[in-house]
Amino acid sequence: DKNDFLAACASADCAGQFTTERNAMNRFALTLALLTGLLLAGCGKPSDSKPAADSGGGKKPVIAFLPKSRGNAYFVSCKKGADKAAAELGLELIFDAPSNPDPAKQNEIIETWITMGVDAIAAACENGEGISTALRKAKAKGIKVITFDADALPDARDFFVNQATEQGIGYAVMDEAARLTGGEGEFALIVGSVTAANQIAWRKQIEARLAEKYPNMKLVAVRPCDDQKDKAQSEATTLLSAYPNLKLIASITSLGVPGAAEAIKQAGKVGQVKNIGLGLPNENRRYVLEGVTQTVILWKTEDLGYLTVHAANGAVAGTLKAGDKKLKAGALGEFEVQGDNILLGQPFSFTKENIAQF
Ligand code: RAM
């Protein structure tokens, strides 16, 4: 697993360098394209026509893939699926991301891709509102825009590939917290950030479920960890001393769950304070087997990347358009398109009983 992760990080770095080299090459290509476009316009042909992804000959469509950050194993796994889809479809996938979540850096990357004239951008947005101006600009230039994992504002993208419904995720976390505490006592929430649309939506659903079903539970604190394990650990350490009656910590960012587990272990509160959240089996397996963490909930992250690239390809090729009800995604089969949302599936729970298999 570690080797896979390092290999993926290494190839991600190469992709970053590649992006810069491509930049110069593409300025040249763009000038050429512009001249060709003018000539074609003179001949009465549309200048903005793009090669369909399945047209066979000519230039490969370029899909630009932008996770929230590059160091996060969650997105390394998404990229693995994205690479697989790109290879199967014969696309060129370029990758870039801030080292750590950074909305301004995401905007810069998008601006670079707009200048390059990529065919599609697939982005997981650290700041849903903040990224929308840059994405709208990309759309206005004819670039197809897909969001995945964490959405932008709806008018700034063509489609959003959602891992599971907001309610499905929020309720799964809240119901598991209630099951483990017997529906009583104080608990705290660790979130990735307060700007990402997925974090905002899931927290809202958790709070709605709490209000509706669990009158004897109290959410005493919500702390952002900037999608960093160390910060999650220090936030959890502070929570454990500020709230001595705390029964459970739930994280809705994958870096929160192992961070909180380490804090609980070091505070000598294993079992006394339960630990759950949205997380990767690899990052949590040993804590789950040790009994520090009770439940980890997630979806198939590789499939999320795979489906996202299929959606981007469909948007470029014209096989995925507004109003469509279905999307074919290679080996994963057919997915339902609900309005402008494409849903991956249902969240899955990993526990001591099954985590060794994943
Ligand atoms: C983090 C990110 C991502 C979220 C997962 C569960 O890695 O914040 O957006 O979906 O956790």
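When a ligand or atom number is given, it counts from 1 through the structure's own listing order.
Within the 4.5 Å cutoff, the side chain of L89 has heavy atoms near those of the H310 side chain.
Residue K68 has at least one heavy-atom neighbour below 4.0 Å for each of these atoms of ligand 1: 2 (C), 3 (C), 8 (O), 9 (O). Atoms of ligand 1 found under 4.0 Å from any heavy atom of N198, numbered from 1 in the order shown, are 3 (C), 4 (C), 9 (O), 10 (O). Contact atoms of ligand 1 toward Q163: 10 (O) (distance under 4.0 Å to a heavy atom of the residue). Proximity to Q199 (heavy-atom distance under 4.0 Å) selects the following atoms of ligand 1: 8 (O).
Across R203, R209, K204, a single residue satisfies salt bridge (charged side-chain N to carboxylate O under 4.0 Å, His left out) together with E207, and that is R203. Residue D119 is tested with K144, K60, K59 for a side-chain hydrogen bond (donor to acceptor under 3.5 Å, both in side chains); the sole match is K59. Only one option out of K141, K105, K137 pairs with E111 in a salt bridge (charged side-chain N to carboxylate O under 4.0 Å, His left out); it is K137.
For W299, the closest heavy-atom approach to ligand 1 falls below 4.0 Å. By the 4.0 Å heavy-atom criterion, G192 is excluded from the residues contacting ligand 1.
The protein heavy atom nearest to atom 9 (O) of ligand 1 is D149 OD2, 2.5 Å. Closest protein heavy atom to atom 11 (O) of ligand 1: S254 N, 2.8 Å. Nearest to atom 2 (C) of ligand 1 among the protein's heavy atoms is D227 OD2, 3.5 Å.
Ligand 1 has no nitrogen or oxygen under 3.5 angstrom from a nitrogen or oxygen of W202.
Between F95 and F75, a ring centre-to-centre spacing not shorter than 6.0 Å is recorded.
In this structure, of I169, L278, N72, D226, the residue bringing a heavy atom nearest to atom 6 (C) of ligand 1 is L278.
Y74 and D149 share a donor-acceptor pair across their side chains, judged by distance under 3.5 Å alone. A side-chain N or O of E126 and one of S193 form a donor-acceptor pair less than 3.5 Å apart.
No more than 12 heavy atoms of other residues, nucleotides or ligands shown are found within 6.0 angstrom of NZ on K300.
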